[in-house]
There are 2 protein chains.
Amino acid sequence: MKYPTALEDLIECFSHLPSVGKKTAERYALYCLTHMDEADIVDFSNALIGITKDIHICTSCGNLAEGDLCDICKDSSRNHKQVLVVENVKDLFTIEKINSYRGVYHVLNGAISFSKGISINDLNIEPLIDRVKNKEIDEIILATNATLEGETTARYLKELLNTYPINITRIAHGLPVGGDLSYADEMTVLKAFEGRREY
Amino acid sequence: MKYPTALEDLIECFSHLPSVGKKTAERYALYCLTHMDEADIVDFSNALIGITKDIHICTSCGNLAEGDLCDICKDSSRNHKQVLVVENVKDLFTIEKINSYRGVYHVLNGAISFSKGISINDLNIEPLIDRVKNKEIDEIILATNATLEGETTARYLKELLNTYPINITRIAHGLPVGGDLSYADEMTVLKAFEGRREY
């Protein structure tokens with residue numbers, strides 16, 4: 001026996017979300033059906049449509065924007081000569097949360113991945129080169145993840161940008177604050193060792 | 001810095017789902033924004049509206065239905081003299097999946113819970129009594145969960161239905177198939193012991 005078609009359709013939609021399997025999708029859909037009133041569901045439905053209408057991609061950096069440019073690119077109090085390169089919008093917001101970076105960003109929309117078939121042409125790299133060419137940029141901070149994909153992308157960008165008179169840096173990788181050396185994986189310990197500084 | 005309003009709204013909606021915190025809701029909403037095309041999002045939005053329009057509650061048993069009666073209550077090949085009582089629709093579908101129960105159901109929509117303030121008046125019990133009074137029912141199988149709430153509800157129903165000339169049974173609780181005795185909790189072992197049968 002199957003659920004009614006309308007419910008099966010909703011389960012199918014929920015199961016497309018990341019890390020959501022059939023069982024969880026079932027749970028979400030049944031929750032909507034049994035615990036939400038009609039007004040809540042209409043709000044949910046409108047919120048989904050809302051993101052297709054009201055959110056754009058910043059033409060300068062690739063961040064989310066409500067107009068042509070995002071709030072960060074529009075902010076003249078920020079240092080537009082310092083550009084931090086991240087894989088995706090979520091990483092950008094993670095850095096914004098620490099509330100201490102005052103430069104601007106560039107969102108790549110992914111990282112080079114041979115296994116997933118993501119090449120340099122799929123990433124938002126060309127506009128970054130244009131920004132370097134056209135503007136007076138002092139520093140590019142590579143903040144791609146410390147994964148095979150993130151490292152490959154960082155290396156590629158370094159090669160690509162090396163010909164321009166800018167300072168290229170990479171964020172530090174090492175032991176997390178509060179982390180115990182004996183619990184850390186080998187790559188993290190290696191990075192912490194390689195990245196040691198005068199004390 | 002906050003996400004654009006439309007995205008914040010969607011994060012808020014996702015965070016109402018069971019066991020979904022702020023971080024997971026953020027992940028779901030960003031996934032919708034960056035990995036789904038507009039058509040997928042419109043489908044998702046319509047699927048949500050769909051459950052408010054196309055799904056009703058079966059007037060006989062409380063199961064999900066596309067018309068007045070659910071597919072199970074409409075099915076004349078099933079044994080309508082045998083009624084299995086479950087806490088919710090999900091439990092009903094779990095039993096349907098084993099594909100061997102051929103009777104009908106009654107969905108209570110919860111269980112008596114003093115901590116959550118759910119009393120007998122909040123449950124779909126009255127229609128069950130009506131079914132017992134009006135129809136020739138031979139057996140009521142109590143399949144509420146083996147929790148404090150489920151047991152309380154089962155006991156209450158037994159008291160309530162005891163005056164009618166029907167057979168009242170309770171599903172078996174014990175060690176799960178493939179389960180190891182040494183890993184089972186004390187209540188499960190106790191139930192397995194109490195429920196022992198001639199071999």
Side-chain angles (χ1 to χ4, degrees), chain A residues 1-14 16-20 24 26-57 63-66 70-72 75 88-90 92-93 96-97 99 109-110, chain B residues 1-14 16-20 24 26-57 63-66 70-72 75 88-90 92-93 96-97 99 109-110:
Chain A
M1 191 201 160
K2 286 182 80 181
Y3 289 111
T5 319
L7 190 61
E8 284 286 349
D9 288 349
L10 186 59
I11 293 171
E12 172 73 19
C13 289
F14 274 123
H16 292 158
L17 295 174
S19 318
V20 174
T24 309
E26 242 178 69
R27 198 162 156 235
Y28 289 167
L30 281 169
Y31 183 87
C32 290
L33 192 65
T34 56
H35 287 72
M36 284 185 176
D37 52 33
E38 199 169 327
D40 289 338
I41 293 176
V42 170
D43 284 351
F44 198 164
S45 170
N46 289 339
L48 277 162
I49 293 295
I51 60 162
T52 66
K53 287 188 178 150
D54 303 333
I55 300 180
H56 308 273
I57 299 300
N63 182 18
L64 305 177
E66 283 172 288
C70 71
D71 289 348
I72 297 172
D75 188 347
N88 54 52
V89 172
K90 208 164 176 223
L92 183 155
F93 281 89
E96 277 301 283
K97 275 178 194 155
N99 235 331
N109 262 330
Chain B
M1 192 200 159
K2 286 183 78 180
Y3 289 112
T5 319
L7 190 61
E8 285 286 348
D9 288 348
L10 185 60
I11 292 171
E12 173 72 20
C13 288
F14 274 123
H16 292 158
L17 295 174
S19 317
V20 174
T24 308
E26 244 179 67
R27 197 162 155 234
Y28 290 167
L30 280 169
Y31 183 87
C32 291
L33 192 64
T34 55
H35 287 72
M36 284 184 175
D37 53 33
E38 199 169 325
D40 289 338
I41 293 177
V42 170
D43 284 350
F44 198 162
S45 171
N46 289 340
L48 277 162
I49 294 296
I51 60 162
T52 66
K53 288 189 179 150
D54 304 333
I55 300 181
H56 308 273
I57 298 299
N63 182 18
L64 305 177
E66 283 172 288
C70 71
D71 289 348
I72 296 171
D75 187 348
N88 53 53
V89 172
K90 208 164 176 223
L92 183 156
F93 280 89
E96 277 300 283
K97 275 178 194 157
N99 236 332
N109 262 332

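Chain naming here is simple, since letters A, B, ... match the order of the sequence lines and numbering starts at 1 in each.
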- [ ] Taking the side chain as every heavy atom from C-beta outward, state whether B/Leu7 and B/Leu30 have any pair of such atoms under 4.5 Å apart.
- [x] yes

Task: A/Asp9 and B/Asp43, any side-chain heavy atoms less than 4.5 Å apart - done: no

Open item on the list: If you define the side chain from C-beta out and look only at heavy atoms, does anything of B/Phe14 sit under 4.5 Å from A/Leu17?
Closed with: yes

TODO: Starting at SG of A/Cys32, measure out to CG of A/Asp40 and round the result to the nearest 0.5 Å.
DONE: 9.5 Å

Open item on the list: Quick check on the interface: out of A/Thr24, A/Leu33, A/Val20, A/Ile49, who has the most heavy-atom pairs with chain B under 4.5 Å?
Closed with: A/Leu33

Task: Any B/Asn63 side-chain heavy atom under 4.5 Å of B/Phe93 side chain - done: yes

Open item on the list: Using only atom types and a distance under 3.5 Å, with no angle test, would you say the side chain of B/Glu66 pairs donor to acceptor with the backbone of A/Pro4?
Closed with: no

Open item on the list: So for A/Thr34, is it side chain, backbone, both, or neither that comes closer than 4.5 Å to the heavy atoms of chain B?
Closed with: neither

Task: B/Val42 and A/Thr52, any side-chain heavy atoms less than 4.5 Å apart - done: no

Open item on the list: Is B/Ile55 close to chain A through its backbone or its side chain, or both, or neither, when contacts mean heavy atoms under 4.5 Å?
Closed with: side chain

Task: Max heavy-atom pair count under 4.5 Å with chain B, selected residue of A/Ala47, A/Cys70, A/Ala65 - done: A/Ala47

Task: Interface residue of largest heavy-atom contact number with chain A, from B/Ala6, B/Gly50, B/Pro18, under 4.5 Å - done: B/Pro18

Open item on the list: Which one wins on heavy-atom pair count under 4.5 Å against chain B: A/Glu12, A/Glu38, A/His35, A/Lys90?
Closed with: A/Lys90

Task: Top of A/Ile41, A/Asp54, A/Asp37 for chain B proximity - count of heavy-atom pairs under 4.5 angstrom - done: A/Ile41

- [ ] Against chain B, label A/His16 side chain, backbone, both or neither, depending on which of its atoms sit under 4.5 Å from a heavy atom there.
- [x] both

Task: chain B contact via A/Phe44 - which portion, at a heavy-atom distance below 4.5 Å - done: both

Open item on the list: Need one label for B/Ile51: side chain, backbone, both or neither, based on atoms under 4.5 Å from any heavy atom in chain A.
Closed with: both

